Amino acid sequence: MPITVLLVDDEPLVRAGLRAVLEAQPDIEVVGEAADGAAVIPLVSRLRPEVVAMDVRMPLMDGIEATRLVLRTVPHPPKILVVTTFENDEYVYEALRAGADGFLLKRARPSEIVHAVRLVAEGESLLFPAAVRQLAAEYGSSKARDRMHRAALTDREGAVLRLMARGQSNAEIAAELVVGVETVKTHVSAILAKLGARDRTQAVIAAYESGFVAPS
């Protein structure tokens with residue numbers, strides 16, 4: 001079955017470009033479009049896309065609020081791929097904090113766009129560029145450090161979280177630590193539970209904000 005995608009951007013040319021790139025792939029299908037975040041909830045409920053490519057800046061409802069609404073109100077919500085013009089945009093970071101799963105620049109090459117959609121759909125790796133890592137570190141706080149301290153991660157869980165922060169998939173982490181993929185999945189689940197994180201993105205944000213992982 002193809003990966004189904006909903007495009008949300010207030011610029012028709014951007015939507016047309018993304019559609020052309022994605023629909024050229026045999027494993028990706030664009031099932032709908034929206035020009036503003038306010039239209040996302042009914043479209044997601046009706047079309048059930050696996051991935052929403054969400055512009056972060058839109059006139060009526062921006063991608064941050066739309067992301068929050070999707071995750072709060074839609075059962076089994078789709079993955080959210082934030083699409084933006086500037087990689088150091090604080091809106092992008094706020095969208096990731098709100099629960100978005102990845103990040104894509106509008107100027108990305110076609111191969112990078114396709115890779116981003118596939119990666120987010122798989123849900124085992126992160127699109128977390130250096131500029132966003134730096135923003136996360138700048139948002140550091142004593143609250144974030146206390147949260148990480150209370151999590152009391154084991155040494156192995158800490159190693160897994162650091163590799164997650166580098167964007168590695170479960171298979172890549174397993175190869176680096178010389179353990180089975182199922183073992184890595186168990187560690188990831190434990191990390192999310194201890195940090196009270198919804199997904200990998202939230203766990204990695206916690207790692208940077210607490211200083212547990214430093215931006216490189």
Side-chain angles (χ1 to χ4, degrees), residues 52 54 56-57 62-82 84 86-104 119-120 122-174 176-179 181-216:
V52 176
M54 182 93 75
V56 73
R57 291 177 180 264
D62 63 31
I64 301 169
E65 184 58 26
T67 294
R68 290 194 185 105
L69 281 175
V70 168
L71 297 179
R72 190 166 63 235
T73 64
V74 176
H76 310 295
K79 302 292 185 179
I80 307 290
L81 178 62
V82 176
T84 189
F86 306 107
E87 63 183 340
N88 61 347
D89 189 344
E90 290 192 14
Y91 273 68
V92 174
Y93 180 63
E94 289 300 333
L96 291 171
R97 291 186 84 192
D101 300 280
F103 166 97
L104 178 66
L119 198 64
V120 166
E122 290 169 1
E124 288 192 358
S125 298
L126 296 180
L127 295 167
F128 212 80
V132 178
R133 296 174 194 169
Q134 186 61 48
L135 281 173
E138 291 172 3
Y139 272 77
S141 65
S142 58
K143 182 178 179 180
R145 289 188 288 274
D146 289 344
R147 176 187 180 190
M148 184 61 68
H149 178 72
R150 289 195 305 271
L153 301 181
T154 66
D155 289 344
R156 180 48 59 92
E157 288 165 355
V160 170
L161 179 56
R162 291 186 179 93
L163 295 175
M164 286 166 58
R166 283 165 43 183
Q168 294 192 358
S169 68
N170 288 347
E172 291 167 335
I173 294 171
E176 180 144 347
L177 298 180
V178 195
V179 297
V181 172
E182 290 303 318
T183 298
V184 173
K185 290 181 179 179
T186 299
H187 288 315
V188 171
S189 295
I191 291 166
L192 299 186
K194 288 183 176 183
L195 290 175
R198 186 182 71 87
D199 55 23
R200 297 168 82 97
T201 302
Q202 303 300 299
V204 169
I205 286 174
Y208 282 114
E209 288 186 343
S210 66
F212 184 80
V213 177
S216 55

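None of these values were measured; they are calculated from a predicted model. Side chains included, hydrogens not; waters and symmetry mates left out as well; all remaining heavy atoms used.
Heavy atoms only, all atoms of each residue included: A207 and S210 are closest at O-OG, 3.1 Å. Across every non-hydrogen atom of P78 and L71, the tightest pair is O-CD2, 4.5 Å. Here the closest heavy-atom approach between residue V56 and residue A95 is recorded as CG2-CB, 4.3 Å.
Screening residues 150-163 for salt bridge (Lys or Arg N to Asp or Glu O under 4.0 Å), with sequence neighbours left out, gives E157-K194. For the salt bridge (Lys or Arg N to Asp or Glu O under 4.0 Å) condition, the pairs that include at least one residue of residues 207-216, sequence neighbours left out, are R97-E209.
In this structure, OG1 in T186 is found 11.0 Å from CD1 in I191, a value given to the nearest 0.5 Å. With rounding to the nearest 0.5 Å, the separation of OG in S142 from NE2 in H149 is 13.0 Å. Atom CD1 of I64 is separated from atom CD1 of I80 by 13.0 Å, given to the nearest 0.5 angstrom. Distance check: E182 CD to K185 NZ gives 4.5 Å after rounding to the nearest 0.5 Å. To the nearest 0.5 Å, the span separating NZ on K79 from OG1 on T201 amounts to 8.0 Å.
With sequence neighbours excluded, the residues forming a salt bridge (Lys or Arg N to Asp or Glu O under 4.0 Å) with R198 are D101, listed by chain and number. Every residue two or more places apart in sequence or in another chain that forms a side chain to side chain contact (heavy atoms under 4.5 Å, CB included) with A197 is listed here: R147, L192, L195, Q202, A203. For L163, the side chain to side chain contact (heavy atoms under 4.5 Å, CB included) criterion is met by R166, Q168, I173, E176, L177, not counting sequence neighbours. For T73, the side chain to side chain contact (heavy atoms under 4.5 Å, CB included) test picks out I41, with sequence neighbours left out.
Taking 4.5 Å as the limit, every side-chain heavy atom of M164 sits out of range of all side-chain heavy atoms of V213.
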